[in-house]
Each structure stands twice: as structure tokens, then as C-alpha cells.
Amino acid sequence: MQTKTLLFTAVAIVLLAGCSNRSPQLSEGNFASAEVPEESPDTVRGDAWITFNGITRQKTELSDDTLQWLEWYQTLPEKERNALSFIPNEFVGSGIVHTAETSTAASPSYIDALTEKELMETEELARYYFTEGSPGFDGVEEIQLADDGYSLYQNTGIEAEYDPGNIIIYMVLTGKDKAAGNPMRSISIARRSKSDNWKIINSGF
């Protein structure tokens, strides 16, 4: 009887030792936490998820233009990244476009608030973005100023944060969009004050 007890104990020890050497398996809870990455600024996580501006999205949710822009953004030196204010629409947290209820005549005159020199500077920046800045757009076919009553000027959290004289929006038809039959896309250029440099803060359809 004593021999059988000793034999049983030895077998139990061997089985326990074998279990302790196995790799841990992900439970349903662990799998969920491993599948969705933690948010961190301006990073790309894995093959399925991308985190930018503190927001995490699946790659399948993003447009081809946004994916190309993010790939270009990752190649920039840190200094150039910090100088760029543009955020793809998919990664804008609270930006909501409100339709302007007032007439165009009652809207602020964003165009008249800028000098001819300032308009030339901002148009040049818009053209640069769709040519050398983002070669995938195949250049600019047509560019024009958005109307003063354009609803994007009331875009909460982005364009609406800037007063006339410090923001302008262009409508641009790129070579890529013309070939694909797409409409003109907008590009918003702004600055915090007259002493600051112009920056691209938004772009999209």
C-alpha cells in the first residue's frame, strides 16, 4: 500500500512539472487586450491597427489617401512632423461640420480679410502639398478659393477655431481625382496670428 502511494505521488509531481512548462494560452479576455493596442501619439501598431493623434483605427477603416499620407508622415524627421498641423479626417476627435444657417452675405469675409500677397502664399502652399508634398495626387489640375459661406469654415474644433484673416480654404482638383472622376477636395490653411507661419490644418472631400 505504501509503495502504491509513493508511485502515485511521483506521477502527480511529473504531471505538475509538465503543466508548468507549457506556454500560457491567451484567454478570451487576454486576447481582446492583445488585439486592440493601447493608444499612443503618432504611432503605427501592427498590420491591422494604426494610432495617430491619440485615436486608434483599423487600417480597413482608412482611405487609401490617408494610408499614403501616414506612410509619408512616418518618413519625416521629428522637427518637420512638429511643424505640420494637418490631421487626417479619420483621426479628428471632436471635429463636427455644422451647416451654416446664415446667408453668404452675413458670413465673415474670409477672402477679403487676406491681402493679395497672403492669398498667393497660401495658394502656393496648397499647390506644394498636392505636388511635392504628396506626389501620389499627381499634381494640381485646378485650384480655386472656397466661398466665404463654405460650411467647413464652421467645422468645430478645426477650421472654426480660426478667425477671418488667419484662415483660408481652397478647392483643388488633383490629377489623381480627375482621372478617377472624383470631385474637388478641400484644403484648409491657417495660422494662429499674423506673426505665425501658414500651416495646412485639414484636407479631404
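- I201 and A190 make their closest contact through CD1-CB, 3.8 Å (heavy atoms, listed as atom of the first residue, atom of the second, distance).
- Rounded to the nearest 0.5 angstrom, Y110 OH and D147 CG are separated by 13.0 Å.
- Interatomic distance, CD1 of I187 versus CD of E123, reported as 11.0 Å (0.5 Å rounding).
- For the pair T174 and N182, the minimum side-chain heavy-atom distance is 4.5 Å or more.
- Under the side chain to side chain contact (heavy atoms under 4.5 Å, CB included) criterion, E78 pairs with N82, sequence neighbours left out.
- Contacts of E118 classified as side chain to side chain contact (heavy atoms under 4.5 Å, CB included), with partners at least two apart in sequence or in another chain: L114, T115, E121, R191, K194, W198.
- Between L62 atom CG and L70 atom CG the span is 7.0 Å, to the nearest 0.5 Å.
- When hydrophobic clusters are built by joining Ile, Leu, Val, Met, Phe, Trp and Tyr residues whose side-chain heavy atoms come closer than 4.5 Å, directly or via intermediates, L76 is grouped together with L125.
- For D64, there are no side-chain hydrogen bond (donor to acceptor under 3.5 Å, both in side chains) partners two or more places apart in sequence or in a different chain.
- Residues I189 and I167 form no side-chain contact, since every pair of their non-hydrogen atoms from C-beta on lies 4.5 Å or further apart.
- L145 CG to I169 CD1: the interatomic distance, rounded to the nearest 0.5 Å, is 10.5 Å.
- Nearest heavy-atom pair across A113 and G165 is CB-N, 3.4 Å.
- Every residue two or more places apart in sequence or in another chain was checked for a side-chain hydrogen bond (donor to acceptor under 3.5 Å, both in side chains) with Y153, and none qualifies.
- One hydrophobic cluster holds both L119 and F130 under the rule that ILVMFWY side chains link at heavy-atom gaps under 4.5 Å.
- Pairs of residues two or more places apart, or lying in two chains, never qualify as salt bridge (Lys or Arg N to Asp or Glu O under 4.0 Å) while including a residue from residues 149-169.
- Remark: the Y170 side chain and the S186 side chain contain no N/O donor-acceptor pair separated by less than 3.5 Å.
- The two residues T131 and V140 make their nearest non-hydrogen contact at CG2-N, 4.2 Å.
- Closest approach of S109 to P164, counting heavy atoms only: O-CB, 4.3 Å.
- A donor-acceptor pair under 3.5 Å links the side-chain atoms of S134 to the main chain of Y129, judged by distance alone.
- Using a 4.5 Å heavy-atom cutoff, the side chains of N166 and R192 are not in contact.
- By the 4.5 Å heavy-atom criterion applied to side chains, L152 and I158 are not counted as neighbours.
- Under the side chain to side chain contact (heavy atoms under 4.5 Å, CB included) criterion, E61 pairs with R57, Q58, not counting sequence neighbours.
- The number of heavy-atom neighbours closer than 6.0 Å to CD of Q144, taken from other residues, nucleotides and ligands shown, is above 12.
- In this structure, M171 and M184 approach most closely via the heavy-atom pair O-CE, 3.2 Å.
- Between I111 and I168 there is a side-chain heavy-atom pair separated by less than 4.5 Å.
- Listed by chain and number, the residues in a salt bridge (charged side-chain N to carboxylate O under 4.0 Å, His left out) with E142 amount to none (sequence neighbours excluded).
- Counting only distance, with no hydrogens or angles, the side chain of N202 and the backbone of S188 share no donor-acceptor pair below 3.5 Å.
- Under the 4.5 Å side-chain criterion, counting only non-hydrogen atoms from C-beta, T56 is not in contact with I50.
- Take D196 and apply the side-chain hydrogen bond (donor to acceptor under 3.5 Å, both in side chains) test, not counting sequence neighbours, and it matches S193.
- Residues that satisfy the side chain to side chain contact (heavy atoms under 4.5 Å, CB included) test with T75, not counting sequence neighbours, are W72.
- Residue T122 holds its OG1 atom at 12.5 Å from NZ of K117, rounded to the nearest 0.5 Å.
- Checked against a 6.0 Å centroid threshold, the rings of W69 and F52 count as neighbours.
- Looking at residues two or more places apart in sequence or on another chain, you find a side-chain hydrogen bond (donor to acceptor under 3.5 Å, both in side chains) between R185 and D65, D177.
- Hydrophobic clustering keeps F205 apart from V172 (ILVMFWY residues linked when any side-chain heavy atoms are closer than 4.5 Å, directly or through intermediates).
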